[in-house]
Each structure stands twice: as structure tokens, then as C-alpha cells.
Novice: 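I'd like to ask some things about the structure below.
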Amino acid sequence: MKLIVATHNPGKLQEFRRILDLGGIDVEGLASDAPMPEEVGTSLEENALIKARGAFEIYREAIVADDSGLFVDSLGGQPGVLSARYAGPGATDGENRSKLLSEMALVAGENRRAEFRCVLCVVGVESHSTPEFYVGVVKGRITELPMGDAGFGYDPIFVPDGSDGRTFAQMSPQEKNAISHRARALEVMLGEISKWS
Ligand code: ITT
């Protein structure tokens, strides 16, 4: 089976490739100039569906889209759905991380709990006329300073539960992909897809 991954985020695409290759799925990225609709939804599910449908309009093939975000307890779940744009439209990963660390400057260690959530939406599979959704979550805490330079986004400031103190950005891709929100959602997706005709 082949899936087109409806993302313009190269970090996400790399994780999809590694995980889906092992699951025997051929992965294709979007053309770099493929237009994607604005993410106007108020939930990860809505935005994942918007992206999946947007890519389907162009490719008319089986699509998987990912909407994900970091939900911080002490900030009432922010940046959440707005994770990619936390420091403003077009913000870089570094600007988003800096903003988050400064918002949390007065939050003590034990209150720095957070979780990454990922929602996948699959559309365009012939035997499945309705969109299918898969969810993955990983809990952890926000560091006081960035550590590591692997991965992308908020990886340098997120220590997953069960880690020896390393952030996602200090782990190998294999280590992150063994426990990440995206890997968990993809694992559920692969389990379901394997039952489809
Ligand atoms: P696409 O919409 O093109 O897929 P995007 O980066 O805009 O790319 P989202 O709208 O889903 O993707 O935004 C999610 C943001 O949450 C992303 O930009 C990262 O900053 C953050 N994020 C999601 N998963 C992450 C991960 O595994 N590690 C670090 N940060 C992550």
C-alpha cells in the first residue's frame, strides 16, 4: 500500500518514513509547492481532516495527515492546536520554544507537566469511504533550557516520562520513535490498515 503524507514539515515526514517503512507502507511526501488549506480548525481532529482533504483534492490517492501539538498543564493546555504558530504566524521552532520557556519562567519543576498529542487522519482509501482517525499521546515535562539538536519543534525542551532525563532532541530517531505520540498513533493506524482489504 502507498500513502501520501500531507505535511510540509520535513521532521514529521522523516518520522513517517522510518516508521511506515518498517510497516511495509510506501510513503510519498507532498510536492514542495503543493498548496495546503489554512488550518482553521479548533481541534487537532478538525485540522488533520482539513489537511487530509486538501491533499486528496490534489492527488486523489490515499492520504494520511498529521495534526499534532504540545499541551502544557500549567498553561491550560497551550500552545495546543496553535503549537506551530505559538510565537506568531510564520514563527520558527526556536521562537516558539523561547516563547514557551519565557511563559513558564515562574513555573516550578514539579508543575512543568505537558503532553504531546498527535491525530492522524486517513482519507482516500478505496475500501473506506469515511475518514479514519488515530490518536497517540506521550506525557512528560518541559525543561528549563533547551537540550539537544535532533528532531524538530519542541523536542529540545520535552523530556518524556521514562526517559533518563534526556529530551527527545537528545535521543536517536529510534529511541524517539519507540515512544512518541506520532509513533503511537502510527502503530494504531498500521494495526487497522493491516485488516483492510
Ligand atoms: P504540517 O501542518 O505541514 O504537517 P506543521 O509543523 O504546521 O506541519 P502542525 O500544524 O501539526 O504541523 O503543528 C504541530 C507543531 O507542534 C509543530 O510545528 C511542532 O512545533 C510541534 N510538534 C508536533 N509534533 C512534534 C514532535 O514530535 N516534536 C516536536 N514538536 C512537535
Side-chain angles (χ1 to χ4, degrees), residues 3-19 27-55 58 63-72 75 77-101 114-122 133-143 146-160 163 166-186:
L3 281 175
I4 294 177
V5 182
T7 183
H8 283 304
N9 180 324
K12 276 187 190 178
L13 181 61
Q14 207 171 39
E15 292 182 6
F16 270 88
R17 279 198 196 287
R18 281 182 182 274
I19 296 167
V27 169
E28 195 177 306
L30 289 182
S32 57
D33 59 354
M36 288 297 282
E38 220 188 312
E39 293 175 35
V40 292
T42 54
S43 65
L44 298 181
E45 282 77 7
E46 281 180 59
N47 282 337
L49 180 61
I50 287 170
K51 289 189 259 194
R53 286 196 166 138
I58 302 171
I63 307 285
V64 57
D66 164 318
D67 203 57
S68 41
L70 181 63
F71 294 73
V72 177
L75 300 177
Q78 282 188 58
V81 182
L82 297 177
S83 292
R85 297 165 271 165
Y86 189 43
T92 63
D93 286 348
E95 288 166 345
N96 287 330
R97 289 193 295 267
S98 298
K99 172 160 179 183
L100 186 62
L101 291 181
E115 64 187 44
F116 270 123
R117 295 183 202 156
C118 171
V119 174
L120 302 176
C121 177
V122 175
F133 293 90
Y134 308 100
V135 181
V137 175
V138 58
K139 291 178 185 288
R141 66 180 165 83
I142 303 299
T143 56
M147 294 188 292
D149 43 33
F152 65 96
Y154 297 90
D155 281 345
I157 60 171
F158 183 83
V159 175
S163 157
R166 284 177 302 152
T167 65
F168 266 157
Q170 293 173 302
M171 296 182 178
S172 67
Q174 290 79 359
E175 285 175 300
K176 180 180 174 188
N177 289 342
I179 55 172
S180 82
H181 49 312
R182 183 161 300 102
R184 285 177 175 159
L186 281 168

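For ligands, and for the atoms within them, numbers begin at 1 and follow the listed sequence.
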Novice: I'd like to check the ring-ring contact (aromatic ring centres under 6.0 Å, His included) partners of Tyr154; sequence neighbours left out, ordered by chain and number.
Specialist: none
Novice: What residues form a side-chain contact (heavy atoms from CB on, under 4.5 Å) with Ala185, not counting sequence neighbours?
Specialist: Cys118, Leu120
Novice: Students should find this: residues with any non-hydrogen atom under 4.0 Å from ligand 1. What is the answer?
Specialist: Thr7, His8, Asn9, Lys12, Glu39, Lys51, Asp66, Asp67, Ser68, Gly69, Ser83, Ala84, Phe116, Phe152, Gly153, Tyr154, Asp155, Lys176, His181, Arg182
Novice: Does atom NZ of Lys139 have more than 12 heavy-atom neighbours from other groups under 6.0 Å away?
Specialist: no
Novice: May I ask you to say whether Glu115 pairs ionically with Arg117, meaning some side-chain N is under 4.0 Å from a carboxylate O?
Specialist: yes
Novice: What side-chain donor-acceptor pairs closer than 3.5 Å can you find for residues 30-42, not counting sequence neighbours?
Specialist:
{"from": "Glu39", "atom 1": "OE2", "to": "Lys51", "atom 2": "NZ", "distance (Å)": "3.4"}
{"from": "Thr42", "atom 1": "OG1", "to": "Glu46", "atom 2": "OE2", "distance (Å)": "3.0"}

Novice: Look at the rings of Phe168 and His181 and say which category their plane angle falls in: under 30° parallel, 30 to 60° tilted, over 60° perpendicular.
Specialist: parallel
